[in-house]
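One structure below.
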Amino acid sequence: QVQLVESGGGVVQPGKSLRISCAASGFTFSDYGMHWVRQAPGKGLEWVAFIWYDGSNKYYTDSVKGRFTVSRDNSEKTVYLHMSSLRAEDTAVYYCAREIFGVLSDHHVMDVWGQGTTITVSS
Amino acid sequence: SAELTQDPAVSVALGQTVRITCQGDSLRNYFASWYQQKPGQAPLLVIYGNNDRPSGIPDRFSGSTSGNTASLTIFGAQAEDEADYYCNFRDSSGSQWVFGGGTKLTVL
């Protein structure tokens, strides 16, 4: 079955870096764009980043531009989010999600989500 | 960037119909998708496009758009529908995705 599994979360000090991963299975990973979405404690969903199916284009929300980098390894069926200069306000559960535009739909939709990995930025 | 506005909270009596709305100027040109999130769980896609439902989503969930407002309607709400609901779309720049602030649905 289609599955996304995030890993790599933890507690990190402000200003430090961390890389989280999202491993995909059950579908042809290299056909799909992938999103990262986060949710701060008690808050709503916030889109963070998107990477095209082939990694050729990457987009970020303004608050993480220049600090976060999304990448992927299609041979490993994994998408990554490298986070640097972390701030307290980056504390959140980070989800990866599959984008189905151009493959399963004519609409931009996040159809499958992982269970999330928790990042806590604290000294 | 574009914004999507949702009512923070809505309640419905068990078995009744409830509409959850999402407002934004860009919705005049783009469909929203809708996600359900229960406590401690990942979001779940319930409606996308022109009222499309993923496999496994009950047909009591329905989506529509009128003007600048997208709506998620639940016909005959069940106890298990109690959750947070978020609307979402990709804005006209093509490089940003936006979520509404979410609506907490209580089934009484």
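Lettering of chains follows the sequences in order, A, B, ..., and the numbering in each one begins at 1. Just the heavy atoms: all of them, side chains too, but no hydrogens, waters or symmetry mates, feed the values below.
For B/Gln37, the part lying near chain A is the side chain, with the backbone staying farther off; criterion is any non-hydrogen pair under 4.5 Å. Looking at B/Pro54, neither its backbone nor its side chain comes within 4.5 Å of chain A, counting heavy atoms on both sides. Proximity to chain B (any heavy atom under 4.5 Å) is restricted, for A/Lys43, to the backbone atoms N, CA, C and O. With a 4.5 angstrom heavy-atom cutoff, A/Gln39 touches chain B only via side-chain atoms. Of the atoms belonging to A/Val37, it is side-chain heavy atoms, and not backbone ones, that fall under 4.5 Å from chain B. Contact annotation for A/Glu6: neither backbone nor side-chain heavy atoms come within less than 4.5 Å of a heavy atom of chain B.
Heavy-atom pairs under 4.5 Å with chain B were tallied for A/Tyr60, A/Tyr95, A/Trp47, A/Phe101; the largest tally goes to A/Trp47.
With hydrophobic clusters built from ILVMFWY side chains whose heavy atoms lie under 4.5 angstrom apart, B/Leu44 does not share a cluster with B/Tyr86.
Taken to the nearest 0.5 Å, the CG atom of B/Leu45 stands 7.0 Å off from the CD1 atom of A/Ile100.
Taking the six-membered ring where tryptophan is involved, the planes of A/His107 and B/Phe31 are perpendicular, since the angle between them exceeds 60° and thus also 30°. Using cut-offs of 30° and 60° for the angle between ring planes, the B/Tyr35 and A/Trp113 rings count as perpendicular.
In this structure, the side chains of A/Phe50 and B/Arg90 stay at 4.5 Å or more apart for every pair of heavy atoms.
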